[in-house]
Amino acid sequence: MPDATLNGHANPAEQPTTGCRDLGPARTPTHPVATAPVNGPLFSVDGFVKEFIHELNTAQGVALARSSVNDQYLALARTVKNYLMARWLDTNRKTREAKVKTVGYLSAEYLLGRQLGNALLASDLNEIADKGLELCGLDLVTLRNQEVEPGLGNGGLGRLAACFIDSLATMNVPCIGYGIRYEYGIFRQTFVDGRQVEQPDTWLALGSPWEFPHPDASVQVNFGGHTEKYRDADGKERTHWLPDWNVLGVPYNYMVPGYLNGRVNTLRLWSAQATKAFDLPTFNAGDYAQAVRAQTFAENISKVLYPEDSTPQGKELRLQQQYFFVACSLRDFIDNELEDDFDLHHLDERIILQLNDTHPVIAVPELMRILMDEKGFDWDEAWAVTTKCFAYTCHTLLPEALEVWPTELLGRLLPRHLEIIYAINEQLLEEVREAYPGDELRARRMSIIAEFPERGVRMAYLATYAATKVNGVAALHSQLLRDKVLPDFSEMWPDRFTNVTNGVTPRRFVKMANPKLSELISDTIGGGWVTDLERLRELEPFADDPDFRAQFAAAKDWNKRRLAEVLRKRDGIDLPDGHLLDVMVKRLHEYKRQSLKLLHVVSLYEQVISGKLPVDQLTPRTVVFGAKAAPGYKMAKDTIHLINRVAATVSADPRLEGRLKVAFPANYNVTLAEKLIPAADLSEQISLAGMEASGTGNMKFALNGALTIGTDDGANVEIRELVGDKHFFLFGMNEPQVAELGAKGYNPESYYEDNPQLKAALDLVLSGHFSGGDQHLFDAVVYNLLNSDRFMALADFQSYVDAQARVEERYADTDAWTRSAVLNVARSGFFSSDRSMREYIQRIWHTQPMM
Ligand SMILES: *Cc1c(COP(=O)(O)O)cnc(C)c1O
C-alpha cells in the first residue's frame, strides 16, 4: 500500500509528465501545464495510484491515513478528470482548427446525474480505479456513493438534454451545451408525516470537482433602461439600447466525455455575479450595506432552479435567468469560439442553436439585436441569418405549459428585445395576410402577441416563426403539435415541422446502471451494442433459450437485491423477496395520473379486507412510487400525502399477509432511477392519451427488461409498435376517444356510480381509513377525481384494472414473462439517444461528425 505522503511527488518536478507541450488552442497564451498523455502512465494501476495520492496530498491537503471519504472522492474525481484533460484540450483545439459547424444546445436545465461513474466508464478506467483504490485500502463503490448529483433540472426535459450531449460526444459531433449553473438545483424532497417538505439542494457544499470556472472569460449581460434612435455615418436609422443595470456571467466548464472515443465536449454553465460597476452610485453615496445587498440581487439570477415542471410561473427572475444564459452563450460563441475576423453573415455555417423548449427563445431577438445594433446588419440581412441559426423543440401539449411573457414585464426588462419582437410580429402578420388575404381571424390567431388575459408574447409562436425546423418529441406528439397546438403555422409552413422521437443514453441507463444485464448482453452478442443499440435485436433468438432466460432473470434478481439494500439504507424501507416490482417514477402531475395507480392499489386492498378477494389470490406485488411535486402545486402535494398514507396503511395491515406493499422512497432523482429502473418488472406509463409528449422513463424501463402497462400516449405508442402488442399491456382511451369524450362532456360521477369496485375504493378513502378517521383530509384529491378531473382518471379505471389482471396472468408464467422482458430489451434499441441525435443531425442540424 502506498505511503500516505507525497509518495514520490515530494518534488513536483519528479511528477510523471510529458513535458510542457500545451495542447490548448494556439491563440490563447496559457501557462505550461503537464497533461496526462493519451497513452501515459495513468493507464497502469501504479500510475493511477500515484496520481490519486498526489491529488489527495496536494489538492486536498491530507494524508491518506487521515482522509475522509469526501477527500477520497474528490481526489478520485480529480484523478479521472486529469486523465480526461488532455483529450478535452485536444478536442477543443481540433474543433477550432477544423472550423466545422457546432451544435449549440440551449437548455435552461441539465439533469446530469452523478459524474464520476460516467467519467470512469467513458475513459475505461473502472477496472484500474477499482484495483488502484483496493491497493489503498479503499472501495470504489463507497467513493462513488459520496457524490451528490448535480440536479440542475426538473425531470424529463433536463434529463433529455443530458442524454443528448452524451450522445453527441460519443458520436464525435462538436457540441457546446449552454445552460445555467444554479447554486441550488432541484430541491431535496423529504417527507414529514407523509407530506412533502422541500430542503435546499446544496450540491456544491462538499466541493465540485467537475467544474472549471473561468472568471477571466466572464461576459456582461444588460437589463432594463430604454432605447434611442440615431443616424449612423451612412445616414441610416439605427437603435441603441441604453440599459440601466447589468450582471456578469461567469462560465463554468464541464467535461462531456464520449464513450471510449477520446472526444470530450463541453457543457458551459453560467453563473451570475455582480459587476464592479454594479452599484457604484450607492457605494459612492457611502451606503456600503445597500451596495452589498445590490450585489446579492445580481447573484440571485443563477441562485435557484425553478421547481415547476410543465407549468411556468411567469416570474420576473425566471425571465432574467432565461435572458441571462442565452445572452452569455451567444456572446461567448461569437466572441470566443469564432475567429476574430469571422463574417457573421455565415454564422449558420458554424452553429445551429437548438432551443430546448421555449425557455431560451429570447435568444432569437437577442441575435437580431447583436447583428443589427452591434454589427450593423440591416433587418433583412439579420433575419436571413437568424432564421437559419435556430431550431425549436416543443415539449408539451398542455396549454398552460406554453410560456407567455407579459409585454409589460418583457418591455421593462428588455426594452430593445420587445421592440424587435413587435417588428418580427409585424413581418409575420404581413406574410400571413399575403398568404391568406382577407383572413383577419387567422392573422389574429397567429399573432406572436396575445391580447388576453393580458398582453403577452407567445414564446412558442416566436420560436416557430423564427426556426428552420420545429419538432415534437414522439410521433403522436408531433402529429398533435401540427394538428392542435400550431395548426395555422403547420398549414402555412408544412415543411418546417418534423418529429424526432426522444431517446436515452445506453451508457448511463443500461451499461452503467445495469452491469449484470450489460455483461450478459455483451457475453451473448459482443459489446458493440453500447454505441449501436439496434444491435440488441441480435438478442431476439435468445428469448427462446431457457439458459439465457435464466441468466436474464438472475440479473433482474441481482438488481432487486441491490435495490433492496439501497432502500433499506436510504429510506429504511424493506423490500420483500419474490414480489412483482411495479414501479411508477416521474414528476407528480395530474396528467401523469399517479392517482389512477393509487386507486388500483386501494382497490386491491379493499377487495381483500372486504373479503371479496381471498388474500392468497393476490399476486405478491410491491408498488414503488417516486415523484417530486412542484412546491406550489397543491393537488400534487396532496396526492403525495395520500400515497404515503396508503403506503403506511397497506404495508402494515396483517390481512394482506405481506402480499401487497407500497413504498415511496423520497427524493426521486437520477441516482435513484439508476437503481430502481433496472430492478423493475412493470413500468407504469399511464398518462391520459394526448398529454405526455414523449416520456423517456418509459424507454429506460423497456431497455432494462421491464414490461410496460401504458396508455396509447407519447412514445408508448412507438414502444408498443416495436416490442409488439403481446409484450405490452395497453389500456385506456386513445387520443381521439379522449377528444370525443371531452367534446361530449366527461362525467366522472357516472363511472363512480356504475362501477362498484371503483366506488368501493373511493369510498374507502372518503371513510377516513387512510387518514386516522379524518374523513376530509383527502377531499381535494377525491372530489377532484369525482367532479372535475381534466385527466379523466375514472374513465380509464376499469380498463386499467383489466390490464393489471393480464399483467398478473403473464407474471404467473415465469417463462412467458421473462421471454417478454427479453423481447422488450431486444426490440427497444430504437430508443437510444444516439438515434435521436442522428435524426437531428440529418434532418435539422446538417452537421458532420468529426473523424
Ligand atoms: C428519465 C427521468 C425522468 C423522466 O421520466 P418520465 O417518466 O419520462 O416523466 C424524470 N426524472 C428523472 C430523475 C429521470 O431519470
Side-chain angles (χ1 to χ4, degrees), residues 109-114 117-118 148-164 166 185-189 201 203 305 307-311 356-357 395-398 401 473-474 476-477 501-510 512-514 582-594 596-597 624-630 636 665-680 682-688 691-704 706 708-711 713-719 828 831-833 836:
E109 301 188 11
Y110 290 89
L111 191 52
L112 294 168
R114 286 179 176 162
N118 187 58
V148 181
E149 72 168 74
L152 308 183
N154 274 287
L157 174 147
R159 185 52 236 177
L160 186 77
C163 283
F164 281 2
D166 175 88
I186 187 65
F187 64 84
R188 189 164 57 81
Q189 178 191 53
D201 163 46
W203 70 288
L305 167 74
E308 281 80 28
D309 186 65
S310 305
T311 37
N356 194 26
D357 215 295
H395 282 271
T396 188
L397 291 163
L398 300 178
V473 289
L476 173 67
H477 173 241
T501 299
N502 284 165
V504 300
T505 171
R507 269 73 64 188
R508 181 176 291 271
F509 287 109
V510 184
M512 214 173 104
N514 202 337
D582 175 352
V583 181
M584 182 164 190
V585 286
K586 47 185 76 253
R587 283 298 289 252
L588 202 307
H589 203 291
E590 286 163 272
Y591 85 80
K592 291 177 181 279
R593 301 201 295 189
Q594 277 91 356
L596 178 56
K597 171 77 260 176
V624 180
F625 288 92
K628 290 179 186 176
N667 201 41
Y668 177 59
N669 59 8
V670 176
T671 304
L672 184 59
E674 288 168 12
K675 296 294 187 297
L676 258 171
I677 293 172
L682 186 64
S683 159
E684 299 275 351
Q685 308 299 335
I686 62 178
S687 53
L688 177 66
M691 298 293 161
E692 185 73 89
S694 165
T696 50
N698 47 6
M699 302 168 185
K700 299 169 199 165
F701 280 100
L703 281 166
N704 281 282
T708 306
I709 184 166
T711 47
D713 199 15
N716 293 356
V717 176
E718 290 154 82
I719 293 175
S828 293
F831 300 105
S832 168
S833 46
S836 307

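One-based numbering, in listed order, for ligands and for the atoms of each.
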With a 4.5 Å cut-off on side-chain heavy atoms, are [Y] and [X] touching?
{"X": "Thr711", "Y": "Met691", "answer": "no"}
{"X": "Gln189", "Y": "Tyr668", "answer": "no"}
{"X": "Asn118", "Y": "Asp166", "answer": "yes"}

For [atom], what is the closest protein heavy atom, and at what distance to 0.1 Å?
{"atom": "atom 5 (O) of ligand 1", "answer": "Gly697 N, 3.7 Å"}
{"atom": "atom 8 (O) of ligand 1", "answer": "Thr696 N, 2.8 Å"}
{"atom": "atom 9 (O) of ligand 1", "answer": "Lys592 NZ, 2.7 Å"}
{"atom": "atom 15 (O) of ligand 1", "answer": "Lys700 NZ, 2.6 Å"}

### Query
If you measure from each non-hydrogen atom of Arg587 to ligand 1, which part falls under 4.0 Å: side chain, backbone, both or neither?
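Looking at Arg587 and ligand 1, no heavy atom falls under 4.0 Å.
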
### Task
Would you mind telling me if ligand 1 is within reach of the side chain of Val504, the backbone, both or neither, using heavy atoms under 4.0 Å?
neither

### Pairing of Lys597 and Asp582 as salt bridge, 4.0 angstrom limit
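Answer for the salt bridge query: yes.
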
Quick one: which ligand 1 atoms are inside 4.0 Å of a heavy atom on [X]?
{"X": "Gly695", "answer": "8 (O)"}
{"X": "Val670", "answer": "13 (C)"}
{"X": "Asn669", "answer": "13 (C)"}

### Query
Per the side chain to side chain donor-acceptor pair (under 3.5 Å) rule, which among His477, His589, Lys592 passes with Glu692?
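Of His477, His589, Lys592, side chain to side chain donor-acceptor pair (under 3.5 Å) with Glu692 is met by Lys592 alone.
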
### Task
Ignoring angles and geometry beyond distance, decide whether Lys586 reaches within less than 3.5 Å of ligand 1 through its nitrogen or oxygen atoms.
yes

### Query
Roughly how far, to the nearest 0.5 Å, is NZ of Lys586 from CZ of Phe625?
11.5 Å

